[in-house]
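Proteins come first, then strands; the chains are lettered A, B, ... in the order of their sequence lines, and each starts at number 1.
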Amino acid sequence: MSKAPKDNRPGARLPRGLRDYAGDDISGQREMLDKLRVVFERYGYDALETPAIEYTDALGKFLPDTDRPNAGVFSFQDEDEQWMSLRYDMTAPLARHVAENFDKLPKPYRRYAMGPVWRNEKPGPGRYRQFMQCDADTVGTDNVAADAEACMLMADAMEALGIPRGSYVVKMNNRKVLDGVLASIGIDPASEADAGRRLTVLRAVDKLDRLGAKGVALLLGPGRKDESGDFTKGAGLEQAAIDRVLAFVGASASGAADVFGVVEGILAGNEGGLAGVAELRAIDALAKAAGYGPDRVTFDSSIVRGLDYYTGPVFEAELTFEVTGDDGKPVRFGSVGGGGRYDDLVARFTGQRVPATGFSIGVSRLQAALAHLGKAKSTATPGPVVVLVMDKAELPLYQKMAQTLRDAGIRAEMYLGTAGMKPQMKYADKRGAPCVVIQGSQERDKGEVQIKDLIEGAKRSAEITDSKEWREGRPAQVSVPEAQMVSTVRAILARHKG
RNA sequence: GCCGCUGUAGCUCAGUUGGUUAGAGCACUAGAUUGUGGAUCUAGGGGUCCCCCGUUCGAGCCGGGGCAGCGGUACCA
């Protein structure tokens, strides 16, 4: 909807891909973050907050061979012409923080971070240009126990959010294994010349869940045409090479008893690849020893992750349940978090190799999934008790009533507008007020207040069709002495709780 | 970025082969009801028919070009 602003007034519109948060969105997210925080801290991770803005070169996001920042990040120039960018993830700022404070930090250094990140990409359904991310990383060790712990922590995080065991699974793989497979079909992972093809193959494999084996085979070979008629160029592999890649990718789904053994067979003696399998075996053993069976943490040879910088184990948390969407079609939420080992990020700053591993949870996506699971119980803050202003000359009295309720720990406010009684009732209704306090001169003379239960009243309204009866019958309304205002309101609140 | 679809009231949408003053439902405001949120009835406000150019006596409708939105795809740190 592009409305040209009248005259020269600015259009009151949100930039595309961004959104305002209110009510349920906020309370739901706050609750999720609180639960995640508890799990992270229980594992021993320390909180770290870094600014939203970093120097673009610290994020490592300059376009190759130019002095312009990469597309995909929101960037601007400072007065001194230095490029700055909004962070697009939590990992790059972590690498900067570690490099900058290397001597002070305990090694291994373990921290979690939560906050918004920004990506300058085309927004889609459920995809925004600002979203909440939640990361936990361990920096300064190449011990696979850190990778195992990341997987276990992800599983615990899912359960802490109320996702039952069996409705999610953490899948792991290893870049070293993938590279071993690539080497066996003539793509050298270390070679500059093969880098493009390597990425194309990895990205093709990453799409297995969406496109299926046939689609991936096309992408590995000549290329693929999508529904809209758009053509995607393939990796141009030969049939034998495609079969080999697919054999590996399908290994864990084949149901073989010893999947690791099958993969070792495919790797045909490739040393790096076999080392990768050994790491996966170790992670598997650690997870099992801690009680995390394959229903929670499992090897999946089709997991790739689109990222270039991963150097070892990679993992992905997936929701396995299906839900019926508004349009009646089944909706799969799929990946809600992922991560892996990245051993070269800090070296960009210090030259010193600092191994690290960690993962990231997409909070917004999980929140949508939880809503469908019915777990996002509507915990929106209930509306305030509204004290109606019946007599403008008596504002101090009404203000005092609101304050009395507040002192009793009840969310309350005096109506601050200037309209009459009917609009005040409408206002209270719109605010979701559980009840209103009414005191006109008649009640005041008797030292009483009227308290109207709006929730109960709404129920009664279904049975009342006569307007006069509705207005004059004063349903769900009681008159009590002023001294009983607090206890009466409390009783109404208690009645509607839960 | 590429491909496709769609742009009419705040929202969802009608709108005849091109023909007076562009409609409906919902929402909003007011009244019926001087101190009672709902329901009902009545009335009312609200439009650059996305923009520009063209064809025509005449364009919401036809043609061209833009822009925006949606969907797919690519990218996704």
Side-chain angles (χ1 to χ4, degrees), chain A residues 1-7 11-13 16-17 59-61 69-73 85-95 117-125 127 129 131 133 135 199-200 203-204 206-207 210-211 215 219 223-233 305-310 327 335 338-340 342 345 360 362 383 386 388-391 419-443 450-477:
Chain A
M1 193 68 37
S2 74
K3 270 277 169 309
K6 281 186 178 156
D7 307 318
R13 58 203 189 103
R16 81 196 203 111
L59 293 178
K61 278 298 151 186
N70 205 343
V73 325
S85 299
L86 285 171
R87 65 180 174 209
Y88 51 83
D89 70 5
M90 296 297 199
T91 310
L94 169 66
V117 301
W118 293 264
R119 293 187 188 176
N120 191 355
E121 294 168 351
K122 183 188 158 186
R127 290 189 58 173
R129 303 222 272 193
F131 55 95
Q133 217 175 47
D135 281 39
L199 258 183
T200 306
R203 283 170 185 164
D206 198 31
K207 295 181 175 62
R210 194 152 43 87
L211 303 181
L219 283 174
R224 174 179 173 274
K225 202 183 220 174
D226 70 46
E227 301 153 40
S228 67
D230 192 24
F231 182 76
T232 309
K233 201 164 155 264
R305 312 282 308 156
L307 277 179
D308 209 13
Y309 65 53
Y310 290 125
D327 52 1
S335 170
Y342 49 97
L345 282 190
S360 161
V386 176
L388 302 196
V389 174
M390 303 297 290
D391 185 348
M421 182 173 183
K422 190 179 169 112
Q424 292 191 42
M425 288 299 294
K426 283 190 171 204
Y427 169 81
D429 192 40
K430 213 168 235 172
R431 288 297 311 272
C435 60
V436 293
V437 175
I438 306 166
Q439 189 189 57
S441 56
Q442 298 158 28
E443 290 85 7
Q450 298 266 352
I451 296 178
K452 187 181 181 93
D453 182 339
L454 293 190
I455 298 169
E456 184 59 30
K459 276 188 208 148
R460 298 255 197 100
S461 85
E463 298 137 29
I464 300 173
T465 51
D466 179 65
S467 167
K468 198 164 179 150
E469 185 188 345
W470 165 250
R471 278 183 303 111
E472 291 174 6
R474 298 186 175 177
Q477 188 168 331

Acceptor/donor pairs from residues 457-468 of chain A side chains to any protein atom, 3.5 angstrom cut, sequence neighbours excluded:
| unit_1 | atom_1 | unit_2 | atom_2 | d |
| --- | --- | --- | --- | --- |
| A:Ser461 | OG | A:Ala458 | O | 2.8 |
| A:Asp466 | OD2 | A:Lys468 | N | 3.3 |
| A:Asp466 | OD2 | A:Glu469 | N | 2.9 |

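Rounded to the nearest Å, the gap between the C1' atom of B:rA59 and that of B:rG64 is 15 Å. Between the C1' atoms of B:rG46 and B:rA30, the separation comes to 15 Å (whole Å). Across the C1' atoms, B:rG72 and B:rU16 are found 34 Å apart, a figure rounded to whole Å. When the C1' atom is used for both B:rU55 and B:rC61, the distance is 14 Å, rounded to whole Å. When the C1' atom is used for both B:rU48 and B:rA9, the distance is 13 Å, rounded to whole Å. Atom P of B:rU8 sits at a distance of 14 Å from the matching atom of B:rG69, rounded to the whole Å. Across the P atoms, B:rG65 and B:rC2 are found 15 Å apart, a figure rounded to whole Å. Between B:rU17 and B:rC75, the two P atoms lie 46 Å apart (nearest whole Å).
A:Arg305 places its CZ atom 15 Å from the C1' atom of B:rC75, with the value rounded to the nearest Å. The distance from atom CG of A:Asn120 to atom P of B:rG1 is 11 Å, rounded to the nearest whole Å. Atom P of nucleotide B:rC76 and atom NZ of A:Lys207 are separated by 8 Å, given to the nearest angstrom. The distance from atom NZ of A:Lys233 to atom C1' of B:rC75 is 16 Å, rounded to the nearest whole Å.
Of the two residues near RNA chain B, A:Leu211 and A:Pro123, the one whose nearest nucleotide lies more 5' is A:Pro123.
With sequence neighbours excluded, no residue forms a side-chain hydrogen bond (donor to acceptor under 3.5 Å, both in side chains) with A:Arg224. Scored by the side-chain hydrogen bond (donor to acceptor under 3.5 Å, both in side chains) test, A:Tyr88 finds no partners at all (sequence neighbours excluded). With sequence neighbours left out, A:Trp118 forms a side-chain hydrogen bond (donor to acceptor under 3.5 Å, both in side chains) with A:Gln130.
As judged by a 4.0 angstrom heavy-atom cut-off over every strand, A:Ser335 is placed among residues making no nucleic acid contact. A:Gln442 comes within 4.0 angstrom of a base, heavy atoms only.
Of all the heavy atoms in A:Pro123 and A:Arg129, the pair that sits closest is CG-CG, 4.3 Å.
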Pairs: protein N or O with nucleotides 36-38 of chain B N or O, under 3.5 Å:
| unit_1 | atom_1 | unit_2 | atom_2 | d |
| --- | --- | --- | --- | --- |
| B:rU36 | O2 | A:Lys452 | NZ | 3.2 |
| B:rU36 | O2 | A:Gln477 | OE1 | 3.4 |
| B:rU36 | N3 | A:Gln477 | OE1 | 2.9 |
| B:rU36 | N3 | A:Gln477 | NE2 | 3.2 |
| B:rU36 | O4 | A:Arg474 | NE | 2.9 |
| B:rU36 | O4 | A:Arg474 | NH1 | 3.1 |
| B:rU36 | O4 | A:Arg474 | NH2 | 3.4 |
| B:rU36 | O4 | A:Gln477 | NE2 | 2.8 |
| B:rG37 | OP1 | A:Lys422 | NZ | 3.1 |
| B:rG37 | OP2 | A:Trp470 | NE1 | 3.0 |
| B:rG37 | O2' | A:Asp429 | OD2 | 2.8 |
| B:rG37 | O6 | A:Gly457 | O | 3.4 |
| B:rG37 | N1 | A:Leu454 | O | 2.8 |
| B:rG37 | N1 | A:Ala458 | N | 3.3 |
| B:rG37 | N2 | A:Asp429 | OD1 | 3.3 |
| B:rG37 | N2 | A:Leu454 | O | 2.7 |
| B:rG37 | N3 | A:Asp429 | OD1 | 3.4 |
| B:rG38 | N7 | A:Trp470 | NE1 | 2.4 |
| B:rG38 | N2 | A:Ser461 | O | 3.2 |
| B:rG38 | N2 | A:Ile464 | O | 2.1 |

Below 3.5 Å between N/O atoms, which protein atoms pair up with nucleotides 2-6 of chain B? Just atom names and distances, please.
| unit_1 | atom_1 | unit_2 | atom_2 | d |
| --- | --- | --- | --- | --- |
| B:rC2 | O2' | A:Asp230 | OD1 | 3.1 |
| B:rC2 | O2 | A:Asp230 | OD2 | 2.9 |
| B:rC3 | O2' | A:Ser228 | O | 2.3 |
| B:rC3 | O2 | A:Ser228 | OG | 3.2 |

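Evaluation of atom-type donor-acceptor distances gives no pair under 3.5 Å for the side chain of A:Arg203 against the base of B:rC75.
Using a 4.0 Å cut-off, some side-chain N or O of A:Arg210 falls inside it from OP1 or OP2 of B:rA74.
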